[in-house]
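In each ligand, atom 1 is the first atom listed, and ligand 1 is the first ligand listed. Everything quoted here is computed from the prediction, not taken from an experiment.
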Amino acid sequence: MPVTNGSQFSNGVDVPPNFRVAIVGGGIGGLTVALSIAKYCPGLTAKNISVYEQAAAYTEIGAGISIGISASQVLKKLGVYDAIDKISGHRTSVHRSNHRWDTDEVIVDAPASNSGTQQEEVRQLWLHRAEFLDVLYNEVKRRNCASLETRKRVISLEDRDTSVTIRFADGTEASANLVIGCDGIHSAVRSQFLVDKPVYSGRIAFRGIIPMSAVANDWPYSSWTLSWLAPGKHFLAFGMSQNKLMNVVAFVAKPENELHGLKESWRSEAPRKAIEEEYAGWCPAVQRIIQAMPPVISEWKINDREVLSQWVYMDGKVVLSGDAAHAMLPMQGSGAGLSIEDANILGFAVRDYLSNPDRGLSSYMLQYQAARIHRAQKAQVTSRQAAAVYDMHGPDFEGKSFEECLPVVRDKVQSRMAWLWKVDLEADWAAAKESREVQQQ
Ligand SMILES: Cc1cc2nc3c(=O)[nH]c(=O)nc-3n(C[C@H](O)[C@H](O)[C@H](O)COP(=O)(O)OP(=O)(O)OC[C@H]3O[C@@H](n4cnc5c(N)ncnc54)[C@H](O)[C@@H]3O)c2cc1C
């Protein structure tokens, strides 16, 4: 049902003047959704779009994140790619060089991918999360395209026919015609409709940042993105911040009963000694990186969520996006990229709703779900498979020695990211319109 009668804006699109969008969560996904809706719906202003972030400021942790080609293309469309490209790390034509944990010999080099015509060309990005979020935040501020609220932890939603009442932990309320849940793996928006919980992956991760200068003078590799693999453990390092810094993530398989209360939290810490012990005996390059890490590093429990078949609730007035919809294991480095792609499609969905509201908000939001859900579900499933490949665990590796595992790893790593990096979001949006899920509404 249309919200109110439309009024004509200068871009020719009818915008119901009181149409309000609430984006819950101001992380990478939430801020990109704000930029995308602003781009595709220029009739909407900061009076129409609000981001509600629970924290006291829009910040990210000091850790690295890689962004695939398809998400880079979205960032280009949203006008932030050049600024983000400038803060990225760089590597060679190798996306990720995978080595043996003991002898340091190459197991397999996974090729990098760039894209597009020369004019459109974008590359994969290797970013410091806090620097990345700063670019997104500053762009929303610069364009004044959304109001950016802080200390607004959403605790509940109530259906009010053509709008939703949003309640915050501080006792205040807001109202919106469309609520987009971008509030991450522990999403409060998702928990309004579902009782599922994050699932432990059987792995923890140590994380830290080192100055690139600590290793750059003795770096005999074909890439700045390397991993070293052993059964049950793998160690990943890549350059970020124009290669001034190196991001380090080291995964260790661990049964849940050995976690001793370890939390899935950006702020959970461990002494460097813990990673030294887990990686004792690994090749000298790994030892040099570990010794350059600070005395206190972070240690995390790695979780994901089960695949979800519904992202649209309250007759299309509430939708899920990013980790709230499809939290996945980090082994393919794709969760944030998919949240950026979601944002692009949500921009199309709100644009098309505003230009033809008679079809009903629900129909456009189901079209968003149809355009995105199968790709996201596949990424969730294949991220679990990738975790098993890098750890040499599961049916493909059962009963095999380390040496026998290596050809299997080689086979499964080489081109596993190709489908994830290639997506035509415009075509997916058009195809979703024809899909049964949307037609049935
Ligand atoms: C170890 C690790 C490595 C990773 N590496 C990569 C990588 O290299 N590449 C990649 O693409 N992805 C990677 N990911 C995944 C990536 O971090 C997530 O997919 C991405 O951060 C999801 O973005 P989001 O905005 O949906 O959620 P989040 O980043 O979790 O942001 C959610 C936001 O919502 C806010 N919030 C939460 N609850 C509420 C509430 N109730 N009310 C208001 N605000 C709320 C939070 O404070 C936060 O700001 C990695 C993940 C992990 C764990």
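Taking only nitrogen or oxygen atoms, main chain and side chain alike, Trp300 does not reach within less than 3.5 Å of ligand 1. Remark: ligand 1 and Gly322 share no N or O pair separated by less than 3.5 Å (distance only, no angle test). When only interatomic distances are considered, the shortest N/O to N/O separation between Ile67 and ligand 1 does not fall below 3.5 Å. The distance criterion of under 3.5 Å between nitrogen or oxygen atoms is met by Gly333 with respect to ligand 1. Ligand 1 has an N or O atom lying under 3.5 Å from an N or O atom of Arg129, backbone or side chain. Among the atoms of Ile185, none of the N or O lies under 3.5 angstrom from an N or O of ligand 1. The shortest N or O to N or O distance between Arg207 and ligand 1 is not under 3.5 Å. At a 3.5 angstrom cut-off on N or O pairs, Asp323 counts as close to ligand 1.
Atoms CZ and NE2, from Arg203 and His234 in turn, are 8.0 Å apart once rounded to the nearest 0.5 Å.
Of the possible donor and acceptor atoms, one in the side chain of Lys317 sits under 3.5 Å from a partner among the backbone N and O of Met314. Between the side chain of His393 and the backbone N or O of Val389 there is no donor-acceptor pair closer than 3.5 Å.
Taking a cut-off of under 4.0 Å to the non-hydrogen atoms of Lys152, the atoms of ligand 1 that pass are 42 (N), 43 (C). Residue Cys182 has at least one heavy-atom neighbour below 4.0 Å for each of these atoms of ligand 1: 32 (C), 33 (C), 34 (O). The contact set between ligand 1 and Tyr52, taken as ligand atoms under 4.0 Å from a residue heavy atom, comprises 43 (C), 44 (N). Atoms of ligand 1 found under 4.0 Å from any heavy atom of Ser66 (numbered from 1 in listed order, with element): 7 (C), 8 (O), 9 (N), 10 (C), 11 (O). Of all atoms in ligand 1, numbered sequentially from 1 with element shown, those under 4.0 Å from a heavy atom of Ala188 are 41 (N). Listed by atom number, the atoms of ligand 1 under 4.0 Å from Gly337 heavy atoms are 11 (O). Near Gly25, with a cut-off below 4.0 Å to any heavy atom, the atoms of ligand 1 are 33 (C), 34 (O), 35 (C), 44 (N).
A donor-acceptor pair shorter than 3.5 Å cannot be found between the side chains of Asn177 and Tyr353.
Only the backbone of Ser334 comes within 4.0 Å of ligand 1, counting heavy atoms alone; no side-chain atom from C-beta on gets that close.
Looking at every heavy atom in both residues, Leu125 comes nearest to Ser88 through CA-OG, 3.6 Å.
Cation-pi geometry between Arg96 and Tyr390 is met: the NZ or CZ atom falls under 6.0 Å from the ring centre, inside 45° of the normal. At least one test fails for Arg372 against the ring of Trp311: distance under 6.0 Å to the centre or angle within 45° of the axis. A cation-pi geometry, defined here as NZ or CZ lying under 6.0 Å from the six-membered ring centre and within 45° of its normal, does not hold between Lys233 and Trp101.
Here the shortest heavy-atom distance to atom 7 (C) of ligand 1, taken over Val189, Val24, Ile65, belongs to Ile65. The residue among Val154, Ile61, Asn247 with a heavy atom at the shortest distance from atom 41 (N) of ligand 1 is Val154.
Asp102 meets the side-chain hydrogen bond (donor to acceptor under 3.5 Å, both in side chains) test with Arg100; sequence neighbours excluded. Partners of Ser383 according to the side chain to side chain contact (heavy atoms under 4.5 Å, CB included) rule, which considers only residues two or more places apart in sequence or in another chain, are Met328, Leu329, Gln332, Ser334.
When side chains are defined from C-beta on, Asn98 does not count as touching Asp109, because their heavy atoms never get closer than 4.5 Å.
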